[in-house]
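Note sheet for the following structure.
Chain identifiers are assigned alphabetically (A, B, ...) following the order of the sequence lines, protein sequences preceding nucleic acid strands; residue numbering begins at 1 within each chain.
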Amino acid sequence: MSNRTPRGRSAPPRRRLLTSLTSAFLAAGAISPALASAHGISGRAGLPVPAWLFAWVAAAVLVISFVLLSTMWPTPRLQEPRESPICSWPGFLSVPAGTIGLALFALIVYAGYEGSPYLTENIDPTFIFVIFWVAVPVSTIVFGNWFSAFSPWRAFARAIRWIGARMNLTWRPPLTYPDRLGRWPVVAGLLGFAWLELIYHDHDNPTTLASLSLAYFALMGLGMALFGIEQWTERGDAFGGYFALFGRLGPFEVRDGGLWRRRILSGLPSLKMEPGSVAMILVIIGITTFDGASNGVVWNNLQPHVQSVFSGMGLADPAPDEIADSLGLLLAIAVVVGFYRIGVLGMHTVSPRPGKQELSRLFAHTLVPIGFAYVLAHYFSLLIWQGQGIFSLASNPLGHGTNYFGTASWHINYNFIGSTGIWYVQVIALVTGHVCGLALAHDRALATYRSPQLAIRSQYWMLVVMVGFTSLGLWLLSAVNT
Amino acid sequence: MSASRPRSPWLFLSASLALLLAWVVASHGFSAPVLEALAYLLPALGLLAVLHARRYPGERALLAAIGSPPRPQASGENAAPACATPRALFPRGGRLIACSLAVRPPPRLLASPV
């Protein structure tokens with residue numbers, strides 16, 4: 001892209017374009033007071049404008065972003081991480097971190113078997129579904145992939161290896177991780193967890209959660225024993241892979257004994273696209289999509305029809321319900337795959353090279369900010385409201401009346417943020433995530449296509465993908481809030 | 001889109017979309033939730049329709065803004081081979097035959113004195 005025409009020649013058209021964009025922003029600003037006075041999606045009856053106009057405004061923001069990127073981002077900037085060291089990172093810190101991770105894991109298992117069976121009294125459901133599943137990935141964008149240091153199964157395996165080395169016992173993994181397996185174990189693990197959280201009828205039972213946690217721990221131990229600790233952790237641990245993926249969005253990374261800094265988003269283009277990587281990203285979005293849709297009007301009206309088909313086959317409850325929801329989860333993932341497929345096929349019409357499969361791999365990382373935005377937007381209210389419950393549960397994890405930290409009597413403050421505030425956070429998160437995705441796609445297009453025209457044309461198609469995902473996300477959120 | 005490009009993926013996607021829409025409409029009719037969902041997705045569907053018709057609105061302005069004039073042909077495979085350059089006032093050999101057989105000769109040749 002270095003053979004662009006000199007900037008001076010294009011100045012007048014660019015000025016006209018900027019004038020137009022400024023006008024567009026002012027027009028958006030004229031709309032925003034009306035939107036700001038809206039009472040959030042939960043009070044949609046009182047909105048001065050229809051809720052779907054938010055999606056239209058978001059689409060306008062994306063179009064403006066597309067224009068700005070096309071005109072003001074002429075060369076690839078994110079393809080190389082360009083990391084710089086901040087400070088050294090002592091290796092011994094992994095010992096207390098791993099100990100904390102193991103201790104928390106032990107607490108979760110113990111609370112599951114010995115604690116109260118009630119959802120609100122036992123720490124397990126809140127810790128696993130709110131802190132572990134939502135707060136940890138959200139925090140990785142700020143702190144990097146800190147979970148790898150606290151991972152209980154990894155810490156346990158490393159401890160065993162260290163003890164073995166002290167006793168002159170060495171263990172060589174008998175198997176080499178097959179390349180064709182790639183990240184498919186992560187995909188399977190994420191799907192399994194999503195099924196547990198969203199579909200399984202007994203997902204809130206602390207004993208069940210403790211048993212499944214132990215089973216996962218054993219599975220990870222087996223994988224690390226067979227393929228090696230780091231090999232398996234990177235590609236076989238569903239949660240490790242999930243958190244590491246979002247950690248690439250942020251500016252920090254710990255590796256090689258140091259803390260490194262890089263440009264925001266620049267960790268994603270270097271993501272190694274192994275088999276299953278594209279599926280992993282799409283499944284993350286699909287899971288959140290189903291979570292939203294399963295609380296919406298459309299799926300709640302359709303689901304009983306699907307369920308009745310399986311009830312008619314003589315299946316006993318809750319199997320028909322779970323099968324219907326499982327199909328819904330697959331359908332949601334299929335919709336997400338279809339959205340991305342449209343973008344890939346569209347880009348392929350611009351130029352026969354790269355091929356469709358290659359395009360799919362080249363641009364998959366651009367969906368990671370969308371996945372993060374979906375997670376943040378969809379679970380924000382859960383994190384903000386239900387997340388407060390962890391303070392009282394930390395003092396009374398088993399529900400036996402203890403008060404270790406003096407916080408057992410803390411209650412959830414639902415006035416901390418209102419539904420209107422949550423709606424705006426969700427909208428901003430979704431739009432920001434999609435603009436980031438658009439920026440990543442634009443940067444990759446500049447590095448992929450030889451001519452600016454082809455790069456811009458390809459990005460028209462990614463704009464469709466981004467606008468589609470934004471609209472879908474807002475529709476799901478508004479449906480939930482209804 | 002040229003005839004040589006495979007259309008089956010588009011057909012598959014369009015058919016899937018239509019099937020999904022038909023299923024939803026059959027279950028709900030054109031009820032408020034369905035219409036609202038369509039209203040949400042309308043910007044994306046509109047943009048998709050425009051692009052599917054091989055229109056790239058604003059492309060020329062974007063290319064002009066970055067100082068890269070658009071190529072005369074949309075894609076290389078659709079571009080017709082040039083039969084004459086503007087400077088060739090007196091084509092010879094194969095080019096002469098090609099130009100004489102062309103339905104519409106190059107403008108410079110027509111304008112130049114023979």
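Distance check: Leu48(B) CG to Leu463(A) CG gives 11.0 Å after rounding to the nearest 0.5 Å. Atom CG of Leu41(B) and atom CH2 of Trp52(A) lie 12.5 Å apart (nearest 0.5 Å).
When all heavy atoms of Thr71(A) and Ala65(B) are compared, the pair lying nearest together is CG2-CB, 3.7 Å. Scanning all heavy atoms of the two residues, the minimum distance from Ala59(A) to Pro43(B) falls at CB-CB, 3.8 Å.
Without hydrogens or angle criteria, Tyr460(A) side chain to Pro57(B) main chain gives a donor-acceptor distance under 3.5 Å. Between the side chain of Tyr40(B) and the backbone N or O of Ser478(A) there is no donor-acceptor pair closer than 3.5 Å.
With sequence neighbours left out, Phe469(A) forms a ring pair (Phe, Tyr, Trp, His ring centres under 6.0 Å) with Phe339(A). Partners of Leu331(A) according to the side-chain contact (heavy atoms from CB on, under 4.5 Å) rule, which considers only residues two or more places apart in sequence or in another chain, are Leu20(B), Trp23(B).
Val465(A) does not touch chain B: none of its heavy atoms, backbone or side chain, sits under 4.5 Å away.
The side-chain heavy atoms of Trp56(A) and Leu42(B), taken from C-beta on, include a pair separated by under 4.5 Å. Side-chain contact between Ile456(A) and Ile66(B): present, with at least one pair of heavy atoms (C-beta onward) separated by less than 4.5 Å. Between Trp461(A) and Leu51(B), some side-chain heavy-atom pair lies under the 4.5 Å cut-off. At least one side-chain heavy atom of Phe66(A) sits less than 4.5 Å from a side-chain heavy atom of Leu62(B).
Each of Leu474(A), Val335(A), Leu62(A) has some count of heavy-atom pairs under 4.5 Å with chain B, and the biggest count is that of Leu474(A).
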